[in-house]
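Presented below is the structure to which this report refers.
Positions are given from 1 along the sequence.
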Amino acid sequence: MYFMLFFSVLMIQRIVELFIAKSNEKWMKSQGAKEYGQTHYRMMVAIHIAFFISLLIEGGLLHSGVNHYWPFLLGGFILTQLGRVWAIASLGKYWNTKIIVLPQAEVVAKGPYKHLKHPNYLIVTLEFLIVPLLFNAYWTLFIFALLNQFILSIRIPLEERALKEETDYEMVHVRTRRWIPLFKKEK
């Protein structure tokens, strides 16, 4: 029962985010924005859909219970959701699930973007770890944590290249850390 409630809330959240992204995409494209990385985006969507299917099967249908450390994991999940809302609110109309860049737009360097170039990717990475752990879905955790890192290794360079070509991204984020603060900054 807890799994289905949690899973339903997660699905509703993602659907709401897709509506926000579609609305932002429409506005940005009406302003002359360009879309990049359409090929990898389909792969990213497939990974996320497969993650939810795998989680539903392993965490729901083959349910082996809630992790013994569930209070800590749930607390971590709630923190990631607060971070997600902060990241989306900070980008406002510029937030999207796709790589859509409005040429010459002012680059956002507030909220979590003041500290990290890609805080939303860090949040998604943490979710891909925390959510399966919460329901002892270890295969889902292992497979999709790796797939997520694979798709981010394609997406982040594409996004940064697009932002550098179309905006003053490089100047605005010259001292901002990459999406994982433990890694050294590129030169």
Problem set entry | salt bridge (Lys or Arg N to Asp or Glu O under 4.0 Å) partners of Lys29, counting only residues at least two apart | Glu25, Glu35
Problem set entry | Fellow cluster residues of Val16, listed by chain then number, with links counted only when side-chain atoms sit under 4.5 Å apart | Ile12, Ile20, Trp27, Met28, Ile88, Leu91, Tyr94, Trp95, Ile100, Leu102, Val108, Tyr113
Problem set entry | Any residue meeting side chain to side chain contact (heavy atoms under 4.5 Å, CB included) with Leu126, in chain and number order, not counting sequence neighbours | Thr80, Leu122, Ile130
Exercise. Just by distance, with hydrogens left out, do Thr167 and Gln104 show a side-chain donor and acceptor under 3.5 Å apart?
Worked result: no
Problem set entry | Positive for ring pair (Phe, Tyr, Trp, His ring centres under 6.0 Å) with Phe51, one of Phe142, Trp139, Phe7, Phe128 | Phe128
For this session: List in chain and number order the residues that pass side chain to side chain donor-acceptor pair (under 3.5 Å) with His63, two or more places apart in sequence or in another chain; answer none if no residue qualifies.
Result: none
For this session: List the atom of Pro132, the atom of Leu55, and the distance in Å for their closest heavy-atom pair.
Result: CA-CD1, 4.1 Å
For this session: Would you check if the distance from the ring center of Phe77 to the ring center of Phe6 is below 6.0 Å?
Result: yes
For this session: Could you pull out all residues at least two apart from Glu58 that satisfy salt bridge (Lys or Arg N to Asp or Glu O under 4.0 Å)?
Result: none
Problem set entry | Atom NZ of Lys114: over 12 foreign heavy atoms under 6.0 Å | no
Exercise. Looking at Arg14 and Glu127, does any basic side-chain N land under 4.0 Å from a carboxylate oxygen?
Worked result: yes
For this session: Kindly state each residue pair satisfying side chain to side chain donor-acceptor pair (under 3.5 Å) with at least one member in residues 65-78, sequence neighbours excluded.
Result: Asn67-Asn136
Problem set entry | Positive for side chain to side chain donor-acceptor pair (under 3.5 Å) with Glu160, one of His173, Arg155, His118 | His118
